[in-house]
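To keep things clear, I will list the structure first and then write my remarks on it.
Atom set for the values below is all heavy atoms of this structure, side chains included, hydrogens, waters and symmetry mates excluded. Since the structure is predicted, the reported quantities are computational estimates derived from the model, not experimental observations. Atoms within each ligand, like the ligands themselves, are counted from 1 in listed order. Counting begins at 1 with the first residue of the sequence.
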Amino acid sequence: MNQAAVEGRLRICPEACLLYRVIAREESAGSGWLLNAVPVPDLAVLAPLIDRCWQPMRYHVLQLESLGLRVAEEAAGEHAWVGVLPMKSKRATLGMLARAWSCLARGGRLWLAAANRHGARSWQSFLEQLGEVRVMSKNKCRLFCVVKRLPRQELLSSWQKRAAPVYLEESGLWSKPGLFSWDRIDTGTRLLLEHVPDTPVEFCMDLCCGYGALAVGMLDRGMSIAHLALVDADIRALRLAERNLRRFDVPCRAYWLDAAREDLPGSMDLIVCNPPFHEDQHRDSGLGRAVLSRACASLRIGGQLWAVANRQLPYERTLYEAAGEVHVVAQEKGFKVLMARKGG
Ligand SMILES: C[S@@+](CC[C@H](N)C(=O)[O-])C[C@H]1O[C@@H](n2cnc3c(N)ncnc32)[C@H](O)[C@@H]1O
């Protein structure tokens, strides 16, 4: 692994650095799994000991794989150690902890590191329900280690339940904790749905689809779509979007892609998009611009991109440069709806 190249490309995340360094020091005898693995430079020291990683976001997976690591869609097996980095959603993290515990061999060690500003202390009390917790503090982070003595099946089931998919009566959609606006349809998404025209289309893409609220909303009101593409970087969201679209008689294909860096399906008549504005905990309007610019490249000549964004986000110039024509169709409730048409 070329450490200099890795350091140039990857972001520093102190809790991940602490987790990787301490596991590498203390677990030299056996291999284990890393859940929610993020690719920071210190991963190089642990890489030889990692059997597999689990990570839902495609942009991290691409980097993990480029470092030679194997990534699995689900955690499985019996391991000597499992390392966990919490996600922003407490409920999603509890589900991940339940999986981590169930794929530890008896006597195996669960490691978790969190930044103090992301509520590290609160993880200690959850972990104490599993067993005696060893605590280390460094660089405004805490690292915890628990040895697996008991299966704790009931506790794990209660954590899994808190992270499991939920049916949202109001929208008729399946969703789960950890996804964008997971328990109610976002205000911007609703606004975009109000404005997208009902004209029949041949090829349509729900770009950055989440659990599929936009595509389902359009089909629910009877819009005719001959082929639908669903794209998201989060595999958990994409699986739910596929599930939510099963009740419609529309050929639908799901693409697990980093829409800011990978090629998207082309020749689209219509693209709808509520673009991301942060990666992990980092706000970044460049991300939305990169996604929208690639979206325009996927339109056929005359095809339309409909997008919604917070009013202050500067997307008009990007759309103009990439498509040739852009209109602000509506401005309401702090959001704007933009329509770009691809010129010849
Ligand atoms: C603002 S949410 C919109 C979700 C859904 N369309 C809705 O309106 O509820 C943005 C979505 O983009 C996804 N995402 C973030 N970064 C991405 C990337 N680089 N490529 C593709 N999708 C990405 C997130 O997983 C999330 O589902």
Side-chain angles (χ1 to χ4, degrees), residues 11 36 38-39 55-64 87-89 92 165-166 168 170-196 204-220 228-245 252 254-265 270-295 297-298 305-311 313 315 318 333-338:
R11 201 182 280 130
N36 196 27
V38 296
Q55 166 57 249
M57 304 310 290
R58 173 86 176 162
Y59 40 81
H60 286 327
V61 169
L62 292 175
Q63 290 191 328
L64 292 167
M87 299 192 229
K88 204 170 157 197
S89 156
V166 173
L168 307 175
E170 198 194 341
S171 55
L173 291 163
W174 285 92
S175 180
K176 74 195 295 191
L179 304 186
F180 170 77
S181 204
W182 79 272
D183 56 353
R184 64 187 156 79
I185 295 188
D186 170 61
T187 311
T189 303
R190 282 180 199 279
L191 184 67
L192 179 55
L193 272 173
E194 281 170 27
H195 291 275
V196 175
C204 175
M205 172 156 59
D206 183 347
L207 179 58
C208 305
C209 60
Y211 52 92
L214 283 168
V216 168
M218 293 189 300
L219 290 166
D220 257 344
L228 179 65
L230 299 167
V231 176
D232 204 280
D234 185 339
I235 193 70
R236 301 165 304 165
L238 199 58
R239 295 278 179 251
L240 283 171
E242 284 180 287
R243 178 174 179 176
N244 284 324
L245 279 140
C252 182
Y255 297 83
W256 187 34
L257 289 175
D258 175 353
R261 298 169 189 92
E262 295 187 279
D263 288 340
L264 302 171
L270 175 67
I271 299 177
V272 287
C273 186
N274 183 353
F277 43 88
H278 47 73
E279 228 170 60
D280 302 332
Q281 324 260 10
H282 311 267
R283 253 179 184 275
D284 179 6
S285 74
L287 175 63
R289 285 201 299 270
V291 168
L292 292 175
S293 171
R294 283 189 174 269
S298 286
L305 164 67
W306 287 73
V308 66
N310 287 340
R311 259 167 99 155
L313 287 170
Y315 293 151
T318 302
K333 302 170 190 156
F335 292 93
K336 60 188 168 190
V337 173
L338 302 165

Are any of the N/O atoms in T189 less than 3.5 Å from those in ligand 1? yes
Any idea which of D232, V291, V308 brings a heavy atom closest to atom 26 (C) of ligand 1? D232
Below 4.0 angstrom from a heavy atom of G210, which ligand 1 atoms are there? Numbered from 1 as shown, please. 4 (C), 5 (C), 27 (O)
Which atom pairs, one a donor and one an acceptor, fall under 3.5 Å between side chains of residues 206-220 and the rest of the protein, sequence neighbours left out?
unit_1: D206; atom_1: OD2; unit_2: A215; atom_2: N; d: 3.1
unit_1: Y211; atom_1: OH; unit_2: S181; atom_2: O; d: 2.8
unit_1: D220; atom_1: OD1; unit_2: R247; atom_2: NH1; d: 3.1

Could you tell me if any non-hydrogen atom of L179 lies under 4.0 Å from any atom of ligand 1? no
Could you list the atoms of ligand 1 found under 4.0 angstrom from a heavy atom of N274? 1 (C), 2 (S), 3 (C), 8 (O), 10 (C)
Mode of L257 contact toward ligand 1 - side chain, backbone, both, neither (heavy atoms, under 4.0 Å): backbone
Are the side chains of N36 and P56 in contact, using a 4.5 Å heavy-atom criterion? yes
Measuring from L313:CG to F335:CZ, what's the distance to the nearest 0.5 Å? 9.5 Å
If we number the atoms of ligand 1 from 1 as shown, the ones under 4.0 Å from a heavy atom of A259 are 18 (C), 19 (N), 20 (N), 21 (C)
A student comparing G188, C209, A213 should find that the heavy atom closest to atom 5 (C) of ligand 1 comes from C209
Taking distance alone, with no angle check, do M57 and ligand 1 share an N/O pair under 3.5 Å? no
Is there a side-chain contact between V38 and Q55, using heavy atoms and a 4.5 Å cut-off? yes
I need the contact type for A237 against ligand 1. Using non-hydrogen atoms and a strict under-4.0 Å cut-off, is it side chain, backbone, both or neither? neither
Numbered in order shown, the ligand 1 atoms found under 4.0 Å of a heavy atom of Y59 are 16 (N), 19 (N)
Starting at CZ of R58, measure out to CG of D234 and round the result to the nearest 0.5 Å. 13.0 Å
Of all the atoms in ligand 1, which lie at a distance below 4.0 Å from a heavy atom belonging to D234? 25 (O)
Is the closest heavy-atom distance from A290 to ligand 1 below 4.0 Å? no
Numbering as shown, the atoms of ligand 1 that approach F180 to under 4.0 Å (heavy-atom distance): 1 (C), 2 (S), 3 (C), 4 (C), 9 (O)
Distance (rounded to the nearest 0.5 Å) between R243 CZ and L173 CG: 11.0 Å
Atom indices of ligand 1 within 4.0 angstrom of P275 heavy atoms, with elements: 1 (C)
Going from CG on D232 to CG on D258, what distance comes out if it is rounded to the nearest 0.5 angstrom? 10.5 Å
Could you tell me if the side chain of R294 sits less than 4.5 Å from the side chain of D263, heavy atoms only? yes
So the atoms of ligand 1 within less than 4.0 Å of a heavy atom of D258 turn out to be 18 (C), 19 (N), 20 (N)
A side-chain contact here means heavy atoms from C-beta on lying under 4.5 Å apart; do Y255 and L264 qualify? no
Please report the shortest heavy-atom distance between P265 and L257, naming the atom on each side. CD-CD1, 4.2 Å
